[in-house]
Enquirer: 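Mind having a look at this structure? Questions to follow.
Here is how names work: the chains are called A, B, and so on, in the same order as the sequence lines, proteins then strands, and each is numbered from 1.
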Amino acid sequence: MTGAAFDTVAEPGHRTLTYRDALRETMRDALARHPHVIILGQGVDDHKAIFGTTLGLADEFGRERVMDTPIAEEGMTGVAIGAALGGLYPIHTHIRVDFAMLAMNQIVNLMAKYRYMFGGRLTVPMLIRLVIGRGWGQGAQHSQSLQSMLAHVPGLRVVMPAHADVIVAGYPWLVARHDGPVISIEHRLLYDVEFRVGAETAPASPFFSRVARPGKHVTVVATSIMVLDALRAAEHLASTAGIQVEVVDLNCVSHPDAALVTESVVKTGKLLVLDTSWQAYGVCAEVCRLVCERRPDALSAPVVTMGMAPAPCPTGKTLEDRFYPNLRRLVAALARLATGHDDHGIPLPDDASQTDVYRRFRGPF
Amino acid sequence: MTGAAFDTVAEPGHRTLTYRDALRETMRDALARHPHVIILGQGVDDHKAIFGTTLGLADEFGRERVMDTPIAEEGMTGVAIGAALGGLYPIHTHIRVDFAMLAMNQIVNLMAKYRYMFGGRLTVPMLIRLVIGRGWGQGAQHSQSLQSMLAHVPGLRVVMPAHADVIVAGYPWLVARHDGPVISIEHRLLYDVEFRVGAETAPASPFFSRVARPGKHVTVVATSIMVLDALRAAEHLASTAGIQVEVVDLNCVSHPDAALVTESVVKTGKLLVLDTSWQAYGVCAEVCRLVCERRPDALSAPVVTMGMAPAPCPTGKTLEDRFYPNLRRLVAALARLATGHDDHGIPLPDDASQTDVYRRFRGPF
Amino acid sequence: MAIAFASLHERLFYQALRIRLVEQRLVELYPSDAIQSPVHLSVGQEAVAVGACEALAREDLLFGSYRSHAFYLAKGGDLGAMLAELCGKATGSGGGKAGSMHLAAPDVGFMGSSAIVASTIPHAVGAALATQRLGTKRIAVAVFGDGATEEGVYHESLNFAALHRLPVLFLCENNGLAVHSTLAARQAYRITAHAEAYGLPTSACEAGADFDEVHRVVLAAVTAVRRGEGPRLVECRTYRWLEHVGIGEDFDAGYRTRAEFEAWRAHDPLVRETALVARFAPAIRAEIAAAEAFAEASPWPAEDELLTDVA
Amino acid sequence: MAIAFASLHERLFYQALRIRLVEQRLVELYPSDAIQSPVHLSVGQEAVAVGACEALAREDLLFGSYRSHAFYLAKGGDLGAMLAELCGKATGSGGGKAGSMHLAAPDVGFMGSSAIVASTIPHAVGAALATQRLGTKRIAVAVFGDGATEEGVYHESLNFAALHRLPVLFLCENNGLAVHSTLAARQAYRITAHAEAYGLPTSACEAGADFDEVHRVVLAAVTAVRRGEGPRLVECRTYRWLEHVGIGEDFDAGYRTRAEFEAWRAHDPLVRETALVARFAPAIRAEIAAAEAFAEASPWPAEDELLTDVA
Ligand SMILES: Cc1ncc(C[n+]2csc(CCOP(=O)(O)OP(=O)(O)O)c2C)c(N)n1
Ligand SMILES: Cc1ncc(C[n+]2csc(CCOP(=O)(O)OP(=O)(O)O)c2C)c(N)n1
Ligand SMILES: [Mg+2]
Ligand SMILES: [Mg+2]
C-alpha cells in the first residue's frame with residue numbers, strides 16, 4: 001500500500017481476518033462500547049445474520065439492540081433517522097442494495113439533507129449497510145450496484161471498502177467521531193475473502209482513496225471487489241510482460257481523492273476505470289470528470305471503462321458471464337492500453353481462471 | 001438549428017407557442033387520438049393542472065381518463081405500470097422530481113426491467129413527467145434535478161426537452177410508436193417561455209441530441225433550461241468578443257449522441273458542460289466520459305463543468321443565487337476557456353439573479 | 001411577556017391568537033417579496049397546534065410538515081428566528097437555509113419539518129424508539145395532514161410503533177384537503193378506524209378550532225402514551241382558510257365553497273371572543289413588530305455558508 | 001395429457017401433485033448446478049395456487065412474486081419453458097434472462113413475478129384499472145405473502161383499489177414467515193381485519209393445504225369481483241416445508257419447529273391420498289422428464305441477446 005490514509009494506523013505485526021469477520025467484530029465492538037448503538041434490519045437476528053456479519057449479536061446484546069424489522073424499507077429508514085435524532089446511533093442493513101430503492105426518499109430527501117436543511121441544528125449520525133453482489137442467477141433486481149445514485153447527492157458519504165482494514169479502522173471512527181450519515185456498500189463476494197490488517201488499529205476516517213499497488217505504465221481506478229480484480233490483472237501483467245499497473249482504490253466514492261487520481265494519471269498517461277456498476281453516470285463517468293477538469297492533457301490514450309453491460313442483469317449463466325467484466329477481458333484491455341496495439345502478444349489468463357473468489361461462490365444465497 | 005433530428009419535420013411556415021401549451025396540446029391530442037391513453041397524477045384535474053399543462057382535459061375527457069390520485073407515489077407508479085401491462089398508455093405526473101424518490105423502486109426495479117427481465121414478453125409503454133425547477137426558496141426538497149439517477153439505469157429513456165419542438169413532434173411519437181417507458185423531465189421555468197415550431201410537425205423520435213447553435217471556439221453541452229442560458233451566453237460572447245460558442249443540446253440524457261458531442265469537441269478543443277444538477281455523478285461527469293473514451297486528445301484545455309453547488313439547495317435568496325450558475329459566471333467561464341486567460345477584457349453581463357431573469361424572460365426561442 | 005391569564009382558556013387563546021396574527025402579518029408582508037419562499041399557512045388551524053402542545057412537555061419531540069408555523073410557535077420556537085428564517089437571514093432558525101418549510105427548534109423539541117408529505121412520521125416513531133431504549137420519559141409526536149395518511153410510510157409507521165408499543169402520538173390535522181383534493185377523491189378508509197386495525201386506541205376531535213377541546217382530547221392520549229400504554233392516534237378535524245400554498249383565498253377555484261369556510265369561521269373562538277382579541281392583540285402586535293425588526297436588521301448569511309454543514 | 005378425472009377434487013389433486021413433483025425434482029436436480037439460480041420453492045403451498053387458479057379464467061391477469069413456480073404452473077404456464085428458464089436456456093419463459101424469480105406467461109395471464117417483496121401488488125391494481133377502462137370482463141389478481149403486507153405499497157394499493165372499486169382480488173399466501181421472521185415479530189395487525197378498514201370484504205381459508213377449500217373460498221370472492229362489486233381480499237393460511245430459498249429443510253435453524261411442519265403435513269392431501277398419488281405420479285413424472293429433456297437440449301441464448309430488449 002502506498003499513500004494509504006492508514007499509514008499511521010498500521011502497528012507492528014498484523015493478523016488475518018475475513019471481510020465478514022472484520023464487519024462482525026466492528027459491529028460487536030460498536031455495541032459493546034457505545035450503549036446508544038443499535039443494529040436494525042430484516043434478519044439481523046436470525047441464523048444467517050446478514051451473511052454472518054451480525055452473528056451472535058442479538059443473543060449477546062438483546063433483540064432490543066439488534067432488532068429484526070418488518071419489511072418496510074422506507075419506514076424503517078425513517079425510524080432509523082428518527083432514532084438518530086433521538087440520540088441513538090443506528091446501523092441499518094439491507095441485504096440487497098436494490099431494496100434501498102424503496103428507501104430513496106428517506107435517504108435522498110431526508111437523511112442527506114437534515115443537517116444542511118436546518119442550518120446545522122440537527123444531525124443524523126447513522127450507518128446504512130448495503131450489500132451488492134453478482135452471480136448465480138440473482139437477476140435484474142438482486143444484482144445492481146447503485147453507488148452513483150447515492151454519491152450524486154450532497155449530504156451523503158458513501159464508502160465501498162475493498163479491504164478489511166477500512167472497516168476495522170474506519171467504522172469504529174464513524175461511530176465514535178462522525179456525526180453524519182454514512183453508507184457502506186459491501187460486495188457479497190468479499191465476505192469470504194481474507195485480508196491482512198494491523199494487529200491493533202486505531203480508529204481513522206474511511207473517507208479517502210489510496211494507491212493499492214504502485215505502477216507506472218497504466219492506472220486502474222477501481223471500486224470494491226473490482227480492486228481485487230485489478231490487483232490480479234496487475235500481477236499477471238507484471239509477471240508476464242513487465243507492465244507495471246498502478247491500482248487506485250477509490251474507496252470513498254462520494255468524496256474521491258481527485259488529486260491522487262490525477263497524480264497517477266499524470267504519471268502513467270493511461271487510465272482504465274473499473275467499476276461494479278454501469279458505466280453511464282457511474283463511477284466510470286465521475287472519474288473521467290475528475291481527470292477532465294484537471295489534466296486531460298495527461299491522457300496519452302482514450303480512457304477505457306469497464307463495468308456491467310448496459311442492460312439489466314440476465315440470469316442465465318452464459319449471458320451473466322458476459323454481463324460482468326472478467327479477468328481475461330480486463331487483462332486484454334490493459335495490455336492494449338499499455339502497449340498501444342492489439343497484437344501485443346501478451347498471454348491472457350484463461351476465461352476459466354477468472355477470479356476464484358467468484359468461482360467459490362455457490363448459491364443459494 | 002444544425003444537425004437537428006427534426007430537420008425533416010419542419011414544414012414551411014411556423015408558429016409560436018409556449019412550452020406549457022406544447023405540453024397541453026400534446027396531452028390533449030394523445031387523449032383525443034388514443035382511447036387507451038390516461039393521465040394520472042396528483043392534481044391533474046384541478047385548476048392549477050400541473051402548471052397548466054393538463055388544463056381543461058379532465059372536463060373534456062372525464063375524470064376516469066384524467067385522474068387525480070391519492071398521495072402514494074410508489075403505489076401509483078405501480079398502478080401505472082400495471083395499467084400499461086393491461087393495455088393502457090399511462091401518462092403519470094409528479095409536480096416535483098423530488099417526489100419521484102418515493103417511486104424509485106417501481107421506476108428502477110420494475111418499470112425499467114420489465115421488458116428485459118421477461119425476455120421481451122412484457123412491455124411497459126408509458127410516460128412519466130417529472131418537473132424540476134429552481135428559485136423562490138423552494139429549498140432542499142423541492143429543487144433537485146435527479147436525471148442522472150434515472151439515466152444511469154438501463155431500460156429507461158430520459159429526455160429533458162429544452163425546446164417545445166421536442167415535445168410537439170416527439171411526444172406524439174412516443175405514444176403512437178414507442179413501447180417502452182420514457183421519462184420526461186421538464187424545467188418549471190420553461191413553461192412560460194415561447195418557442196417557434198413548425199406549423200405542422202410529424203411525429204418523430206425524441207431520443208437525440210443536437211447542435212442548438214453552431215460555433216467553432218468552444219463547445220457547451222447543456223441540458224434543459226441550461227441550453228437557453230448557453231444560447232444567451234453564446235449571443236453575448238459573439239456580439240462582444242466575436243467568440244463563436246457551439247451549443248449542444250443533449251436532450252436525451254439517457255442516450256446522448258456521443259458522436260455529435262465528440263465531433264464538436266474535436267472542432268473546438270474546448271468543452272464546458274452545463275447541467276441543472278450537481279456535477280458529481282451527473283451529466284457533467286457523463287459527458288466527460290463520452291469524450292474521454294473517444295478523443296481526450298482533442299481537448300486543448302481542462303473541461304469546465306457548471307451545475308448546482310455541491311450542497312442541498314438553501315432557501316435564502318443570497319445563498320440560493322450563489323447555489324445556481326448564472327449568466328455572468330457562465331460568460332466569465334467561457335471567456336476564460338476560449339481565450340485561455342483571465343484578463344481577457346471581455347465585458348460580463350450583470351450579476352442579476354438568474355431566477356429573476358427567467359421570471360422576466362419569455363422567449364421566443 | 002408579563003401577561004396575566006385568568007384561565008387556561010385565556011392562555012391558550014393568547015397563543016392561538018398570536019399564531020393567527022403572525023400569519024396574518026405574513027399575508028401583509030408577502031407582496032413586498034421580503035419573504036421569497038413558499039408559505040403554507042395554518043390560518044384556521046391554529047387551535048390544533050395550541051391545544052396539542054399544551055398537552056406536551058418541552059422535552060417531548062415533535063415532528064412536523066411544511067405547514068408548521070403554528071406548531072413551531074406553539075411548541076415554543078422563537079418568533080424572531082422564524083421571521084428571520086423566512087427572510088433568508090443568518091439569524092433564522094436554520095441560518096437562512098431552511099425557509100418556511102423547514103423550521104426547526106430542537107431546544108424546545110420541535111425537531112424539524114419536511115416538505116415531503118408524510119416523511120417525518122417515521123422519524124417520530126424512531127425518536128420514540130430512542131426514548132424507549134434510553135429510558136427517558138419523553139414521548140414523540142408525529143404531526144401530519146389527512147393526505148399524509150395515504151402514503152405507504154404511514155402504514156409502515158403505525159405498524160412498527162404498535163408492534164413495539166412505542167411512546168409516540170400520531171396527531172392528524174384533518175382539514176379535509178390535500179392541495180385541492182377532497183377526502184372522497186383520495187381515501188377509502190376512515191382515519192381512526194384504520195389506525196385501530198393496528199391496535200392503536202384512537203380519539204377524534206371534531207371541533208378542531210376549539211383549543212380547549214383539542215387540549216382535552218390530546219392530553220388524554222398523551223397521558224396514556226407517557227404511561228407506557230403504547231402509541232395512540234388523535235384526529236382533529238380542522239379547516240384551512242387560505243389557499244394550499246400562498247396568501248390568497250381561493251373559494252372561487254371550484255374545489256370548495258365559501259359556505260364551508262363561513263361555518264368554520266362562525267365557531268372560531270378567535271373570531272367570536274372579540275373582547276379577548278382586543279385585550280391581547282396589542283401586546284402580540286408589539287412582539288411581532290419587534291421580531292420583524294430583528295429579522296430585518298439581521299445580516300444575510302456569509303457567502304461561505306453555502307458549503308457548510310453539508311456532510 | 002388424456003387423463004380422465006372423476007371429480008374436481010381429482011383434477012385439482014393432479015395439478016397440485018404435478019407442482020409438488022416438479023419442485024421435488026428441482027430439489028434432486030439442484031446439486032448438479034444445472035440450475036444456477038436461487039429457487040424459492042412452494043413445497044407445501046401448492047394447494048393455494050391450484051385452488052385459486054381453478055377459480056380464475058385464462059384471461060384473468062395474475063401477478064406473482066419470486067416464489068411463483070406453483071402459480072406459474074397452476075395458471076397454465078408451460079413446464080418446459082419453466083425448466084429451460086431455470087437452466088438459463090434460450091427457450092425459457094424469459095429467454096434465459098428471467099430465472100426462477102421472474103417467470104412469466106402472458107399468454108395464459110401470468111403477468112410476471114418480481115423479486116422485490118410486494119412490488120407487483122400495485123401492478124394487479126393497475127391491470128384492474130385497465131380492465132375497468134377498457135370494459136373487458138377479466139379481473140386481476142395480486143398474489144403475495146404475509147410479509148408483503150408490511151410494505152407501504154400494500155396500503156397504497158388497497159386504498160386505490162377500494163376507492164375506485166377496481167376488479168382486483170388480493171390473495172395473500174400467509175405461511176406465517178418472512179424468511180425466518182414470524183408474524184409476531186412483524187405485524188401488529190391481522191391481515192383480514194386490516195383490509196376491512198379499507199372497506200374490502202375479506203375471507204380466510206385456514207386450511208390452505210386443502211385445494212378444494214381454497215377453491216371454494218376464492219371462487220366466491222372472484223365471482224363477486226367479476227360481478228363488479230369491487231376488490232376483495234382472501235387470506236390463505238399455508239406452510240412452507242423447505243427453507244426460504246434453496247432446497248433444504250431448516251427445522252434446526254431455530255425459528256420454527258418440526259412439529260409445526262408435521263401438523264401441516266398430516267393434513268396434506270398430497271401426503272394422505274396415496275392411491276391418487278400412485279395413479280397420477282407416473283404420467284406426471286413422464287411429463288417432467290420430457291420437459292427436462294427439452295430444457296437440456298435447448299440452446300443457450302445467443303451472445304448478442306445480452307443487449308436486446310433493454311429499452
Ligand atoms: C411525497 C409528496 N407528494 C406530493 C407532494 C405535494 N404536496 C404538497 S402538500 C400536499 C397535500 C398534503 O395534504 P395533507 O397531508 O392533508 O396536508 P395539508 O396540506 O392539508 O396540511 C401535496 C400532495 C409532496 N409535498 N410530497
Ligand atoms: C423490498 C424487499 N425487501 C426485502 C426482500 C428480502 N426478502 C425476500 S423474500 C422476503 C420475505 C417475504 O415474505 P412473504 O411476503 O411472507 O413471502 P414468502 O417468502 O413467505 O412467500 C424478504 C424479506 C425483498 N426481496 N424485497
Ligand atoms: Mg389536509
Ligand atoms: Mg410468508
Enquirer: If you take all heavy atoms of A:Arg115 and C:Asp309, which pair is closest and at what distance?
Expert: CD-O, 3.1 Å
Enquirer: Do A:Tyr114 and C:His102 have their ring centres less than 6.0 Å from each other?
Expert: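 Centroid distance A:Tyr114-C:His102: not below 6.0 Å, so no.
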Enquirer: Is there any residue in residues 74-92 of chain A with a non-hydrogen atom under 4.5 Å from a non-hydrogen atom of chain C, and which ones are they?
Expert: A:Glu74, A:Gly75, A:Met76, A:Gly78, A:Val79, A:Ile81, A:Gly82, A:Ala83, A:Leu85, A:Gly86, A:Gly87, A:Leu88
Enquirer: Heavy-atom distance under 4.5 Å to chain C: side chain of A:Glu64, backbone, both or neither?
Expert: both
Enquirer: With only heavy atoms counted, which part of C:His155 is less than 4.5 Å from chain A, the side chain, the backbone, both or neither?
Expert: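 Interface part for C:His155: neither.
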Enquirer: Side chain, backbone, both or neither: which part of C:Leu163 has a non-hydrogen atom closer than 4.5 Å to chain A?
Expert: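 The answer is the side chain of C:Leu163.
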Enquirer: Where does C:Phe63 contact chain A at under 4.5 Å (heavy atoms): side chain, backbone, both or neither?
Expert: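 Side chain of C:Phe63 only, per the 4.5 Å heavy-atom cut-off to chain A.
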Enquirer: Taking all atoms of both residues into account, what is the closest heavy-atom pair of C:Met111 and A:Leu122, and its distance?
Expert: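 Residues C:Met111 and A:Leu122, closest heavy atoms: O-CD1, 3.3 Å.
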Enquirer: Out of A:Ser254, A:Pro35, A:Gly120, which one racks up the most heavy-atom pairs below 4.5 Å with chain C?
Expert: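 Looking at each option in turn, the highest pair count goes to A:Gly120.
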Enquirer: Using the salt bridge (Lys or Arg N to Asp or Glu O under 4.0 Å) rule, collect all pairs that involve residues 189-200 of chain C, keeping only residues at least two apart or in two chains.
Expert: none
Enquirer: Output the option from C:Ala104, C:Ser119, C:Ala105, C:Gly99 having the highest count of non-hydrogen pairs under 4.5 Å with chain A.
Expert: C:Ser119
Enquirer: Side chain, backbone, both or neither: which part of C:Leu158 has a heavy atom under 4.5 Å from chain A?
Expert: neither
Enquirer: On the six-membered ring of A:Tyr116, is C:Lys97 placed so that its NZ or CZ lies under 6.0 angstrom from the centre and within 45° of the ring axis?
Expert: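 C:Lys97 over A:Tyr116 ring: yes.
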Enquirer: Looking at C:Pro122, C:Ala311, C:Ala128, which one has more heavy-atom pairs under 4.5 Å with chain A than the rest?
Expert: C:Pro122
Enquirer: Side chain, backbone, both or neither: which part of C:Glu305 has an atom under 4.5 Å from a heavy atom of chain A?
Expert: backbone
Enquirer: For each of C:Ala118, C:Ser113, C:Ala161, tally heavy-atom pairs with chain A at distances under 4.5 Å, and name the one with the top tally.
Expert: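 The candidate making the most pairs under 4.5 Å is C:Ser113.
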Enquirer: Enumerate by number any residue of residues 150-161 of chain A whose heavy atoms lie under 4.5 Å from heavy atoms of chain C; in the absence of such residues, state 'none'.
Expert: A:Pro154, A:Gly155, A:Leu156, A:Arg157
Enquirer: More than 12 heavy atoms of other residues, nucleotides or ligands under 6.0 Å from CZ of A:Arg63: yes or no?
Expert: yes
Enquirer: Does the side-chain contact (heavy atoms from CB on, under 4.5 Å) test come out yes or no for C:His123 and A:Leu110, once each step is laid out?
Expert: CA-CA 10 Å; C:His123 299 181; A:Leu110 285 299; 3.7 Å; yes
Enquirer: Checking A:Met67 against C:Phe160 for the side-chain contact (heavy atoms from CB on, under 4.5 Å) test, could you report, in this order, the C-alpha distance in whole Å, the side-chain angles of both residues, the deciding distance, and whether it holds?
Expert: CA-CA 12 Å; A:Met67 297 185 83; C:Phe160 190 77; 3.8 Å; yes
Enquirer: State which residues pass salt bridge (Lys or Arg N to Asp or Glu O under 4.0 Å) with A:Glu60; sequence neighbours excluded, sorted by chain then number.
Expert: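 Expected list: A:Arg28.
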Enquirer: Below 4.5 Å, heavy atoms only, C-beta onward: do C:Val153 and A:Asn105 meet side chain to side chain?
Expert: no
Enquirer: What part of C:Thr120 gets within 4.5 angstrom of chain A, counting heavy atoms only: side chain, backbone, both, or neither?
Expert: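 Side chain only.
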